[in-house]
Amino acid sequence: MALGLPDAITACLFDLDGVLTSTAVLHRRAWRRTFDDLLRPRGQAPFAESDYIRFVDGRPRYDGVREFLASRGITLPEGEPDDPPDRDTVHGVGNRKNDLLEAIIRHEGVTPYAGTVPYLRAVEDAGLGIGVVTSSANARKVLDAAGLTPFVRALVDGVVISRDGLKGKPAPDSFLVGARLLGVNPEHAAVFEDALSGVEAGRAGGFGHVVGVDRTGQREALYAHGADVVVEDLAELL
């Protein structure tokens with residue numbers, strides 16, 4: 001198993017936040033501030049880590065808003081994609097979170113995990129295709145800021161998901177498009193995910209190998225949701 005992958009694998013599809021870069025932590029902070037500002041006047045308990053994992057992690061932004069608000073029995077109008085961030089609509093709340101995230105990235109920058117660049121170089125040197133499949137609409141900015149853009153031959157991000165009407169994770173649609181862009185069948189592609197919804201998507205799409213990346217102590221849950229192997233950092237696969 002070269003690169004810690006089965007020999008039949010010819011392409012790798014990586015989630016971005018929490019797999020290649022540490023921006024998952026920044027997403028958590030932006031979501032927490034956004035939802036707490038909404039919950040506090042309603043007398044509800046603050047947004048918790050368990051809420052992030054169950055309702056938000058890995059999903060397209062507006063899907064995450066819908067899922068979480070439904071879990072708290074809060075109903076907001078859908079609104080429009082260009083709603084201002086101070087408007088209490090599903091789209092307004094999602095845009096508020098995005099504005100917060102962009103501000104955090106501007107102030108703090110983006111850092112790849114220690115094993116990211118060595119692993120991507122090894123994948124590239126082995127001649128395997130590299131794609132990034134993420135629900136984030138900020139993927140290009142994050143990849144550029146982290147210096148990872150030169151590795152990426154295919155990108156399916158939140159912009160593409162919205163534009164093409166793809167179902168978000170845990171549906172496999174975005175990963176299937178990523179495989180198609182790299183010219184491979186799913187059984188010859190490996191999926192790398194830290195989100196439970198993303199691991200489910202990899203399994204549902206019939207991908208040849210699903211790697212769970214455990215950054216938050218959810219190893220058993222990643223296996224339970226369909227990972228073939230779980231690592232704490234990509235360097236463990238080398």
Side-chain angles (χ1 to χ4, degrees), residues 15-40 42 44-105 132-142 156-175 177 191 193-202 204 213 215-216 218 221-222 225:
D15 179 43
L16 180 58
D17 306 303
V19 173
L20 298 180
T21 64
S22 57
T23 37
V25 176
L26 308 185
H27 279 274
R28 280 176 166 83
R29 281 168 50 193
W31 279 118
R32 185 175 297 114
R33 280 183 56 186
T34 299
F35 282 133
D36 281 352
D37 287 348
L38 196 71
L39 295 168
R40 198 175 300 111
R42 291 170 168 82
Q44 294 218 18
F47 184 71
E49 176 67 16
S50 58
D51 293 319
Y52 180 81
I53 292 170
R54 289 182 63 194
F55 306 116
V56 175
D57 193 16
R59 300 178 190 272
R61 189 191 319 150
Y62 303 125
D63 287 353
V65 174
R66 293 183 195 99
E67 291 284 333
F68 174 68
L69 294 182
S71 78
R72 294 295 186 96
I74 298 172
T75 302
L76 294 180
E78 274 292 305
E80 301 294 335
D82 60 353
D83 276 358
D86 60 352
R87 188 165 295 170
D88 278 349
T89 62
V90 168
H91 286 90
V93 171
N95 294 343
R96 193 178 314 162
K97 178 265 175 180
N98 196 56
D99 282 4
L100 277 172
L101 178 68
E102 289 186 350
I104 294 170
I105 289 173
V132 168
V133 179
T134 172
S135 299
S136 173
N138 298 289
R140 291 189 184 278
K141 293 178 184 176
V142 171
V156 181
D157 62 2
V159 175
V160 173
I161 290 169
S162 176
R163 182 194 70 202
D164 296 351
L166 303 177
K167 290 182 180 177
K169 305 169 188 177
D173 300 34
S174 54
F175 280 118
V177 171
V191 165
E193 263 286 357
D194 69 314
L196 302 183
S197 61
V199 168
E200 286 183 31
V213 183
R215 306 289 187 188
T216 58
Q218 53 179 2
L222 287 165
H225 284 256

### Message
I'd like to know whether Ser136 forms a side-chain hydrogen bond (donor to acceptor under 3.5 Å, both in side chains) with Thr134, so could you lay out the CA-CA distance, the side-chain angles of the two residues, the decisive distance to 0.1 Å, and finally the verdict.
### Response
CA-CA 5 Å; Ser136 173; Thr134 172; 4.7 Å; no
Partner residues of [X] under the side-chain hydrogen bond (donor to acceptor under 3.5 Å, both in side chains) criterion, sequence neighbours left out:
X      : answer
Glu67  : none
Glu200 : His225
Thr216 : none
Arg29  : Glu108

Work out which heavy atom in [X] is nearest to a heavy atom in [Y]; give both atom names and the distance.
X      : Y      : value
Arg87  : Asp83  : NH1-OD1, 3.5 Å
Asp157 : Ala139 : CB-CB, 3.8 Å
Pro172 : Ala201 : CB-O, 3.3 Å

### Message
Test your reading of the model: is there a side-chain donor-acceptor pair from Glu193 to the backbone of Gly202, 3.5 Å cut-off?
### Response
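Answer holds: no.
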Show the atom names and distances, to 0.1 Å, of all donor-acceptor pairs under 3.5 Å that link a side chain in residues 55-64 to residues at least two apart or in another chain.
from	atom 1	to	atom 2	distance (Å)
Asp57	OD1	Tyr52	OH	3.4
Arg59	NE	Phe55	O	3.2
Arg61	NH1	Asn95	OD1	3.4
Arg61	NH2	Asn98	OD1	3.2
Tyr62	OH	Asn95	OD1	2.5
Asp63	OD1	Arg66	NH1	2.8

Compare all side-chain heavy atoms of [X] with those of [Y] and state whether any distance is below 4.5 angstrom.
X      : Y      : value
Ile105 : Leu101 : yes
Arg96  : Val93  : yes
Asp15  : Val213 : no
Arg140 : Val159 : no
Ile74  : Leu39  : yes

### Query
Listed by chain and number, what are the salt bridge (Lys or Arg N to Asp or Glu O under 4.0 Å) partners of Glu102, not counting sequence neighbours?
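With neighbours one apart ignored, the set is Lys141.
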### Query
What pairs with Asp37 under salt bridge (Lys or Arg N to Asp or Glu O under 4.0 Å), at least two apart in sequence or on another chain?
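Asp37: salt bridge (Lys or Arg N to Asp or Glu O under 4.0 Å) contacts with Arg40.
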Any chance you could measure [X], atom [atom1], to [Y], atom [atom2], to the nearest 0.5 Å?
X      : Y      : atom1 : atom2 : answer
Leu26  : Thr21  : CG    : OG1   : 8.0 Å
Lys97  : Leu38  : NZ    : CG    : 15.0 Å
Leu222 : Arg215 : CG    : CZ    : 11.5 Å

### Task
Please report the C-alpha distance between Thr89 and Leu76 in whole Å, then the side-chain angles of each, then the deciding distance to 0.1 Å, and finally whether the side-chain contact (heavy atoms from CB on, under 4.5 Å) criterion is met.
CA-CA 5 Å; Thr89 62; Leu76 294 180; 5.5 Å; no
State which residues pass side-chain contact (heavy atoms from CB on, under 4.5 Å) with [X]; sequence neighbours excluded, sorted by chain then number.
X      : result
Asp164 : Val160, Leu166
Ala48  : Ser50, Asp51
Ala70  : none
Ser162 : none

### Task
If a pair satisfies ring-ring contact (aromatic ring centres under 6.0 Å, His included) and one of its residues is in residues 63-84, list it, with sequence neighbours excluded.
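Only Phe35-Phe68, Phe47-Phe68 qualify under ring-ring contact (aromatic ring centres under 6.0 Å, His included).
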